[in-house]
Amino acid sequence: MKQGQRVQSEKKIYFWLAVAAILHVVVLSAPFFLQILDARKQVEPKIVSITLVSLPLRETASAIAPNPSVMQPSLPSTTLAPLPPPADKTVNAVSRTPLPAKSKPTKVVPLEKMPAPKSAEKADLSSALERLKQVVGNKAQPQQPSPGSSVKMALAELEKRVTSEKVPAVAGGSGERAGVFGGNSGAGKEYGGSGASLAYKMKIASIIRRNWELANPLLKNSFGMNVTVRINIFSDGSIGQILFVKKSLSEYLNNSVKKALEKSSPLPPLPRGEGAQGVWVAFVFTPEGIE
Amino acid sequence: MFDSKLGIIGLLSDAGAVVLFVLATLLLFSIVSWAIIAFKFGYIRKSLKESKAFLDYFFEVRSVDKAFTKSEEYRSGSLARIFRSGYIEYRSFDGKGDISRSRIVLAVKREANAENKRLASLVPFLATVGNTAPFIGLFGTVWGIMTSFHSIGFTQSASLAVVAPGISEALIATAAGLAAAIPAVMGYNYLTQKIGVIERDIDEFSSDFVDAFFNEP
């Protein structure tokens, strides 16, 4: 009888061993299956690219107009809207993008972006451009009774400003600020927006941009992170001083800017006659680039 | 389909032979521990239940013959078993000579010892697992970290990306050790407590059983 009991007891312990083994297999394989399940659930989010287009206000519209060459940073094709009046052949060629015909003409069409028409269609194009200018004028100053005259006024104002004030910054029509702006003079002289200076600034900006390593992808997506830095460039191109006018919240971004500037030194020598004591140049570093 | 390096499987696939051996040992320990816990839990629970039912009946009828008949229903009850062994010894003298009290006491004591052994069997393994599994896991971790640092020395880079995976792999062994030890310790404490209760019952009622054979109404 005792032998029978022992056999029964052994059977029970083997049964529980089997159960425990199965349970362990289940528990250990659960993470594996959860991992597969999790991987299946992870759907890559759609990347939606949004380009913000600012409507030309009075100043920006006037600032754009006199320098058509700067207008080259073009608007995305989606911003081209059909003109309100029935467009002729040339205008159709410009707004070739497949947009719904009935969409509201809320966006601005860059005037200077349009390709040069053939001689036979020049007259039509000029009339279309005139109509477009009127539309732009209406958008910019809806309260003004005569939009055509307001555009002319804005253009005149801009010309005046360009000739008198030496505006250092150059603004693109698409809302991007493509240029490098000069800072106020500290120990050195003020670095204005003359042609040579601008070219020099573009040059050093491209050098700094090349040396700027922003590896953190989180920062690239973050909004409002910018660092404003003023650097003192000696005549031989060496960077004398780096002043952080505005630091970003990310210390990583601040350090990356500092490293980029240190790495870029020495910069190309200053053009002749520019700042014997050195010049101060300011840059705004954002995760999107250098302004 | 998915990045297996991120999960526990990926960590295990990168682990060394010693760490894998440690993990396999701990897995085996865990399986056996759970099996013992489940088996003993059922066994002791049934024993306690049947012992209680038998005691109730025994004190109710006060007749050894009836109690013996009833004890056949409680084959897993420790007290019923002990009573049965005493009764068998008691009946062996029936009509063949003088009844020796000491022999019955001896028979009851022998069965009580056997019952204690039966109850306590396999339970020390839980104590062993509870005590040693964390150390075995720790050994796996130490070995894993050792090899990890060795390979870091070869790569000559101490960045977090290089150091972290090795340590993470190694720490799995400690986690496995704790996972095996914690249920084993809990099971051990529970079972020893219940076994202690049964042992005290056996000590207490053994003398009552012996008295019952001689004071039968």
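The sequence lines fix the lettering, A, B, ..., with proteins before strands; numbering per chain opens at 1.
- Neither the backbone nor the side chain of B/Ile37 comes within less than 4.5 Å of any heavy atom in chain A.
- Comment: A/Glu262 does not engage A/Lys259 in a salt bridge, judged by the lack of any side-chain N to carboxylate O separation of less than 4.0 angstrom.
- Under 3.5 Å, the side chains of B/Ser51 and B/Ser78 contain no donor-acceptor pair of N or O atoms.
- Using a cutoff of 4.0 Å between basic side-chain nitrogens and carboxylate oxygens, B/Arg103 and B/Glu89 are scored as salt-bridged.
- Proximity of a side-chain donor or acceptor of B/Ser33 to a complementary backbone N or O of B/Ala184 within less than 3.5 Å is not detected.
- Because its NZ or CZ atom is both nearer than 6.0 Å to the ring centre of B/Tyr43 and within 45° of the ring axis, B/Lys40 counts as a cation-pi partner of that residue.
- Residues of residues 18-26 of chain A that come closer than 4.5 Å to chain B, counting heavy atoms only, are A/Ala20, A/Ala21, A/His24, ordered by residue number.
- Within the 3.5 Å criterion, the main-chain N or O of A/Ala282 finds no donor-acceptor partner in the side chain of A/Lys201.
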